[in-house]
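Data first, discussion second: the structure below is written as structure tokens.
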Amino acid sequence: MKLKSDFFAKNTLWVAKNLLGKRLCRKLRSGKIISAIITETEAYQGFNDKASHAHKGRTKRTEVMFGEPGTIYVYLIYGMHCCLNLVCEKMDYPAAVLIRGVEGINGPGRVCKHFQIDKKLNGKKIGGELWIEDKNKKVSGFMIHVSRRVGVDYAGESKDLLWRFMIKN
DNA sequence: TGCGCGATTCTC
DNA sequence: AGAATCGCGCAT
């Protein structure tokens, strides 16, 4: 079953945890469909999260994070890698979950490379070209490891928030 | 108009 | 440990 936008219209931490074990699916430019189980996520949420791009307010770049739940947010980092996020919560509230890793592929940049995800998907809704499926009966009952987010040491008191989630093993 | 830096990854 | 590489946010 494809997840619908109502799945994302919830607390960002809940979405980050509950995306673990779901299947990320992508229709490649060639038409071929590939997928992998999501194993690692991070939450970026609210007006007080200094690690979030949206902390500095609504800008051309962060506008997507204020949009409808289930919207795709892709940004370019370090001038060379793309990162995939899914917008959560409600309109006008900045929130997204970063997909940091899938089965066999670690790191947000490598996930985007593998799934051929770039900024052309930014602002689009999940559904046609990129979607999440929840039908993995064998992927359940796993343990979730919680830790601090990666690469946000600049974020003051927000850097120690335990908003990173990954499947153990 | 210019500058510093980043939710990273790969190589030396 | 250092490079690669560019758009964004803020200062000028």
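A, B, ... follow the sequence lines: proteins, then strands. Residue 1 opens every chain.
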How would you label the contact of Lys119(A) with the nucleic acid (heavy atoms, under 4.0 Å): base, sugar-phosphate, or nothing?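 The residue Lys119(A) makes sugar-phosphate contact but no base contact.
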
So what does Arg61(A) touch, heavy atoms closer than 4.0 Å: a base, only the sugar-phosphate, or nothing?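 It contacts sugar-phosphate atoms only.
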
Taking atom [atom2] of [N] as reference, at what distance in whole Å does atom [atom1] of [X] sit?
X	N	atom1	atom2	result
Lys50(A)	dA7(B)	NZ	C1'	17 Å
Tyr75(A)	dC6(C)	OH	C1'	15 Å
Arg149(A)	dT8(B)	CZ	P	11 Å
Tyr73(A)	dC8(C)	OH	C1'	10 Å
Tyr154(A)	dG9(C)	OH	P	12 Å
Leu76(A)	dC8(C)	CG	P	9 Å

With a cut-off of 6.0 Å (strictly less than), are more than 12 heavy atoms of other residues, nucleotides or ligands near CG of Asp92(A)?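 Atom CG in Asp92(A) is packed in, count exceeds 12.
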
Sort out the partner of dA7(B) for me: Watson-Crick or G-U wobble, both distances under 3.5 Å, none otherwise.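 Matched dA7(B) with nothing under the 3.5 Å cut-off.
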
With both distances under 3.5 angstrom, what nucleotide forms a Watson-Crick or G-U wobble pair with dG2(B)?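 Check on dG2(B): paired to dC10(C), both distances under 3.5 Å.
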
Can you pull out the residues from residues 80-118 of chain A that lie within a 4.0 Å heavy-atom distance of DNA chain C?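 Result for residues 80-118 of chain A: Met80(A), sorted by number.
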
Would you say the side chain of Val97(A) lies within less than 4.5 Å of the side chain of Glu42(A), judging by non-hydrogen atoms?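 No, too far: nothing below the 4.5 Å cut-off.
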
Does the side chain of Trp14(A) reach to within under 4.5 Å of the side chain of Glu89(A), using non-hydrogen atoms?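 With C-beta onward as the side chain, the pair stays apart.
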
Between dC8(C) and His53(A), is there an OP1 or OP2 to side-chain N/O distance shorter than 4.0 Å?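 Answer is no, no contact under 4.0 Å.
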
Taking the cut-offs as 6.0 angstrom to the six-membered ring centre and 45 degrees off its axis, would you call Arg149(A) and Tyr44(A) a cation-pi pair?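 Yes, a cation-pi geometry holds between Arg149(A) and Tyr44(A).
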
Val150(A), nearest nucleotide to its side chain (from dG9(C), dC6(C), dT8(B)):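 Among the listed nucleotides, the one closest to the side chain of Val150(A) is dT8(B).
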
Donor-acceptor check, side chain of Arg26(A) to backbone of Phe115(A), threshold 3.5 angstrom: yes or no?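 Side chain of Arg26(A) to backbone of Phe115(A): a pair is present.
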
Considering all heavy atoms of both residues, which atom of Val15(A) and which atom of Lys10(A) are nearest to each other, and what is their separation?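 Closest approach of Val15(A) to Lys10(A): CG2-O, 3.9 Å.
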
Which pairs with one or both residues in residues 67-84 of chain A pass salt bridge (Lys or Arg N to Asp or Glu O under 4.0 Å), sequence neighbours excluded?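 Those involving residues 67-84 of chain A are Glu68(A)-Lys125(A).
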
So, Tyr44(A) and dA7(B): ring centres less than 5.5 Å apart, planes less than 30° off, yes or no?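 Ring-base stacking flag set for Tyr44(A) and dA7(B).
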
With distance as the sole criterion, do the side chain of Tyr78(A) and the base of dA4(C) form a donor-acceptor contact below 3.5 Å?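 No such pair is found, so the answer is no.
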
